[in-house]
Amino acid sequence: MMEQAAKTYKANRPRLNLSDYDIIVVGGGHAGVEAALAVVRMGRSAAIVTMDAGKLALMSCNPAIGGIGKSQLVKEIDALGGLMAQAIDATGIQFRRLNLSRGPAVWSTRAQADRIAYTDYIAEFCSRQKNLDVIEALGGEILTENDRVAGIRTEKGKIISSRAVVVATGTFLGGLIHIGAKKTKAGRMGEPAAYKLSDSLRSLGFELGRLKTGTPPRLNGETIDWSRCEVQLGEVPIPFFSHSSPGREFDQTPCHLTCTSSRTKEIISENFHRSPIFSGQIKSTGPRYCPSIEDKFYRFADKPRHQIFLEPEGNGTNEIYPNGFATGLPEEVQKAAIRTVIGLEEVELTKLGYAIEYDYCPAYQVGPSLETRRLRGLFFAGQINGTSGYEEAGAQGLMAGINAVLYINKEEPFVLDRSEAYTGVMIDDLVTRSTTEPYRMFTSRAEYRLALREDNARDRLFGHAVRLGLINKESFDRFYRLQAETQKEIALLDETRVRISDLQEIKHRFKKRGTITLADLLKQPGIGVREILPLLAAHNGRFSNDREILERAAIRIRYQGYIDKQEREIEKFRKSEAESVPDSFDYRSLTGLKREAKEKFTRFRPRSLGQAGRIEGVTPGDVAVLSVHLRKYKALRS
C-alpha cells in the first residue's frame with residue numbers, strides 16, 4: 001500500500017521548479033507534514049525532502065493519536081487548520097475518551113489508528129496540494145548566504161534553494177539502532193540515517209546532544225490467546241477529533257489488556273547486562289514517561305508485573321503492537337521474555353523491538369518562533385528540539401511552518417503564550433529549560449489547564465487561524481454561529497426550572513423541595529448532559545439537539561466560577577509577559593546580577609520578564625535585578 005501511495009503521489013504531484021521554493025522542509029514525519037501544509041495554506045510554495053513519498057507521517061512507533069495532554073495538542077493543530085485530527089478521524093479504528101471521572105480540564109481523547117491507512121491518507125492529501133512537492137532525497141547540508149539560510153544540498157549533491165528551511169528530522173538525525181550488542185546506523189529500521197546533516201549543523205556552530213527512544217517487537221495476532229486478555233472496547237457515540245470531520249459509522253476494533261508475569265521479570269533481570277541501556281553501549285537519556293521494559297523492571301524492582309496493551313496496527317493486518325514492552329534486548333531474549341506475558345505464551349514475532357539513539361539540538365538555540373538564534377531563516381521542529389511523540393512534533397511543525405512564512409513575508413512571528421494553548425506551554429518549556437531527556441506533554445505541565453480544554457481549542461485559536469489565512473472565513477462563520485448557539489443554550493438552561501420531586505433517583509440529594517434551574521442542576525456532582533437529556537426532551541424542542549452545543553454549555557455552567565478565577569490569574573500572567581526584554585540585551589554588563597543568572601539569561605535570551613522567571617535556576621531576586629536594569633534601559637531610549 002505504501003508503494004502504491006508513492007506512485008499515486010508521483011503521478012499527481014504539482015510540477016514546480018525544483019531549484020526554487022519559498023520554504024524547504026527536511027523530513028516527512030508528522031512535524032514536516034504539518035509545517036509544509038501550513039506553508040501552502042498561507043500561499044507559499046514548499047517542498048518536503050524525505051526518503052520515501054509513500055511514508056509521510058508514518059507511525060514509526062505506537063499506532064495511535066492523542067492521549068492525556070496530547071489530544072489537546074491535536075485539537076489545537078486542528079483549530080489552526082492542520083491535518084492530524086482529520087487524518088485520524090478518517091482512518092482510526094477505535095476511539096475513546098480518557099479521564100472522564102475527573103474535570104474537563106484533563107479530559108482527553110485517544111484513537112487507535114490503522115497505521116498504513118493513516119499514512120496513505122496523508123500522502124494522498126499532500127498529492128492534491130498546489131505548490132507542494134515531495135522530493136525523495138536525504139538532506140545533507142544546510143546552505144547559507146550572508147548569514148541567512150539559502151537552501152539545502154542533498155547527500156547526492158543536489159542543490160535546492162529556498163528562502164527558509166524547516167528541519168524536522170525525527171530520529172533520522174544521526175540515528176543509531178541497538179538490538180543487544182548489535183548496532184546499525186539507521187533512522188528507522190531498514191532506512192538510512194542523516195549523518196551529514198548532523199555534521200552540517202555542527203559546522204554552523206550548533207550544539208548537538210544525544211537522546212534515546214525505543215519501540216517494542218510486533219506480534220502476530222493469530223498466535224495470541226485472546227481469551228486470557230481483557231478486552232477494551234471503543235466509545236459510542238464516537239468522539240472524533242476534528243471540528244470539520246463529517247463523522248462515520250463503523251465497527252470499532254477492540255484492543256486488549258494483559259500483563260507480564262513473574263517469569264518475565266526473571267528473564268529481564270537475568271539479562272540486564274545484555275541490554276544496551278545498562279551495558280554502557282547507550283550513553284544518552286531515554287524518555288522518563290515511556291521507559292523500556294528492562295528499565296521498568298530495574299527502576300521499579302518491587303513491582304512484580306507491568307501492564308501491556310495489545311493494540312492492532314490496523315484493520316487489514318494481524319500485526320499487534322504490545323504497548324509497554326519497548327526493548328533493546330537481544331533477539332533471543334526478546335522472544336523468550338515476550339512469551340512469558342499472559343496470553344502470549346505461543347506468540348510469534350513479526351518484527352524485533354529496538355532502541356534508537358539520535359542527535360538533537362538543545363532548544364535554547366531556538367526562539368519562541370522556533371527560528372534558530374544562530375541562523376536567520378532556519379527553523380527546527382519536532383525531535384530535533386528534544387521532544388517525543390507525534391502530537392508534540394505536529395504542533396511544532398505547524399508553528400515552524402507558520403513562522404517560516406511570516407519570516408519571508410517580513411512580518412512579526414506568531415507566538416502562543418502559556419495561557420493560550422498547550423502548544424504555547426510546550427514551546428515555552430523547551431526554550432526556557434535545559435531539555436536533557438525527551439519532552440512529553442501532560443496536562444500537569446499547563447498551569448492554566450482549565451482554560452485550555454479540549455472543547456474550547458477553537459474558541460482560543462480560530463481568530464489567529466483566520467488572521468493568518470490558515471482556515472477560510474466560512475469555517476469561522478460556522479463556528480461563530482456555534483458560539484452564539486452555546487450562549488443561547490446557557491441562557492435557556494439558566495432560566496428553565498424543573499420540580500425537584502420529578503428528579504427520581506437524585507431528588508434525595510436536596511433538602512428543600514420546590515424547583516431548581518437546569519443550570520444549577522448541572523452544578524451538582526455527577527450530573528452531566530447525559531443525566532439531564534430526559535428533562536430537556538420534555539420541553540418541546542426548545543433545547544438544541546446538537547450534543548456538542550450541550551456539552552460546551554454544560555462545561556461553562558459547571559465550572560464558570562473556576563474559569564473566572566483562572567482568567568484573573570491569566571491576566572496577572574499577561575502583565576508579566578508584557579514586560580518585554582530586547583533580544584540584543586547585554587546581560588554580561590549588568591551589575592548586581594549573579595554570574596549564573598547572567599549565563600542563563602545569555603543562553604536562553606528570554607523575551608519577557610515572565611519568561612526570564614521560568615528559566616531553570618533563575619531566582620525571583622535575579623528577575624528583580626533584571627527588572628531594574630530593564631527600566632533604566634527603556635528610560636534611556638524613551
Side-chain angles (χ1 to χ4, degrees), residues 68-69 71-72 75-76 79 97-109 416-422 424-425 442-463 479-480 482-500 503 506-533 535-536 539 542-544 546-577 610:
I68 296 171
S71 70
Q72 283 80 354
K75 299 272 189 173
E76 290 173 2
R97 288 189 297 170
L98 312 175
N99 270 350
L100 292 183
S101 63
R102 304 174 64 189
V106 294
W107 291 353
S108 302
T109 306
L416 292 166
D417 68 39
R418 300 182 71 88
S419 69
E420 288 183 283
Y422 272 79
V425 172
F442 291 103
T443 53
S444 58
R445 294 191 187 273
E447 58 269 54
Y448 306 117
R449 56 185 172 273
L450 187 53
L452 308 180
R453 306 182 308 276
E454 270 197 338
D455 68 280
N456 71 349
R458 284 179 289 167
D459 298 84
R460 295 181 275 117
L461 301 177
F462 247 31
F479 180 65
Y480 185 80
L482 174 68
Q483 288 180 313
E485 288 295 317
T486 301
Q487 288 303 122
K488 177 183 175 183
E489 202 74 3
I490 290 171
L492 282 172
L493 291 165
D494 198 42
E495 69 185 33
T496 304
R497 307 187 74 86
V498 295
R499 288 193 298 269
I500 292 174
L503 298 181
I506 61 170
K507 61 185 177 183
H508 66 276
R509 296 188 186 188
F510 303 92
K511 294 180 180 178
K512 65 174 186 176
R513 292 295 176 260
T515 63
I516 185 173
T517 67
L518 289 173
D520 284 339
L521 188 58
L522 280 167
K523 294 175 184 177
Q524 300 298 313
I527 303 298
V529 169
R530 180 179 299 175
E531 286 71 27
I532 69 165
L533 280 176
L535 300 173
L536 302 183
H539 285 271
R542 287 183 70 213
F543 292 93
S544 174
D546 189 323
R547 186 64 176 260
E548 182 183 9
I549 290 173
L550 289 170
E551 291 281 6
R552 284 167 54 87
I555 288 171
R556 296 188 186 196
I557 287 169
R558 293 188 68 183
Y559 297 94
Q560 192 59 55
Y562 299 103
I563 292 170
D564 289 344
K565 179 181 178 182
Q566 191 142 105
E567 287 296 332
R568 292 191 292 271
E569 294 169 353
I570 288 171
E571 188 59 33
K572 292 179 183 177
F573 162 78
R574 285 180 175 158
K575 286 180 180 178
S576 69
E577 295 299 293

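- Residues Ile68 and Val106 fail the side-chain proximity criterion, which asks for heavy atoms closer than 4.5 Å.
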Exercise for review: May I have the step-by-step check of side chain to side chain contact (heavy atoms under 4.5 Å, CB included) for Ile532 and Leu493, ending in yes or no?
Suggested key: CA-CA 10 Å; Ile532 69 165; Leu493 291 165; 4.2 Å; yes

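- Gln487 places no side-chain N or O within donor-acceptor distance of the main-chain N or O of Ala484, the cut-off being under 3.5 Å.
- Counting only heavy atoms from C-beta outward, the side chains of Arg552 and Leu482 approach each other to under 4.5 Å.
- With hydrogens and angles ignored, the 3.5 Å screen pairs no side-chain donor or acceptor of Glu489 with any backbone N or O of Ala553.
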| task | Evaluate side chain to side chain contact (heavy atoms under 4.5 Å, CB included) for Thr443 paired with Tyr422, printing each intermediate quantity in order. | result | CA-CA 8 Å; Thr443 53; Tyr422 272 79; 3.4 Å; yes

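- Within the structure, salt bridge (Lys or Arg N to Asp or Glu O under 4.0 Å) pairs that include any residue of residues 555-568 comprise Asp459-Arg556 (at least two apart or interchain).
- Judged purely by atom type and a 3.5 angstrom limit, Arg449 uses its side chain to pair as donor or acceptor with the backbone of Ala446.
- Using the six-membered ring where Trp is involved, Phe543 and His539 have ring planes that are perpendicular, over 60° apart on the 30 and 60° scheme.
- Ile555 places a side-chain heavy atom less than 4.5 Å from the side chain of Arg453.
- At a threshold of 4.0 Å, the pair Arg460-Glu76 counts as salt-bridged, since one of the basic side-chain nitrogens sits closer than that to a carboxylate oxygen.
- Partners of Tyr448 by ring pair (Phe, Tyr, Trp, His ring centres under 6.0 Å), not counting sequence neighbours, listed by chain and number: Phe573.
- Summarising the geometry, atom CG belonging to Leu521 is positioned 11.5 Å from atom OG1 belonging to Thr496; distances are rounded to the nearest 0.5 Å.
- Taking both residues in full, the closest heavy atoms of Ala457 and Ala79 are given as O-CB, 3.8 Å, listed atom of the first, atom of the second, then distance.
- Summarising the geometry of Ala421 relative to Leu461, their closest heavy-atom pair is CB-CD2, 4.3 Å, with the distance given to 0.1 Å.
- Between the side chain of Gln72 and the backbone N or O of Gly69, at least one donor-acceptor pair lies under 3.5 Å.
- Between the Glu420 side chain and the Asp417 main chain, a donor and an acceptor come within less than 3.5 Å of each other.
- Between Ile570 atom CD1 and Ser419 atom OG the span is 5.0 Å, to the nearest 0.5 Å.
- Closest approach of Arg497 and Thr515 over heavy atoms only: NE-OG1, 2.8 Å.
- Rounded to the nearest 0.5 angstrom, Glu485 CD and Leu492 CG are separated by 9.5 Å.
- Atom CZ of Arg542 is surrounded by more than 12 heavy atoms from other residues, nucleotides or ligands within 6.0 Å.
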Begin with the C-alpha distance, continue with both residues' side-chain angles, and end with the deciding distance and a verdict on side chain to side chain contact (heavy atoms under 4.5 Å, CB included) for Leu533 and Val529.
-> CA-CA 6 Å; Leu533 280 176; Val529 169; 4.1 Å; yes

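- Of all heavy-atom pairs between Ala451 and Asn456, the closest is O-ND2, 3.0 Å.
- Under the 3.5 Å distance criterion, the side-chain polar atoms of Ser71 are left unmatched by any main-chain donor or acceptor of Ser108.
- Between Glu551 atom CD and Arg530 atom CZ the span is 9.0 Å, to the nearest 0.5 Å.
- Note that the CG atom of Leu518 and the CG atom of Asp494 stand 9.5 Å from one another [nearest 0.5 Å].
- Considering CZ of Phe479 and OG1 of Thr486, their distance stands at 7.5 Å, rounded to 0.5 Å.
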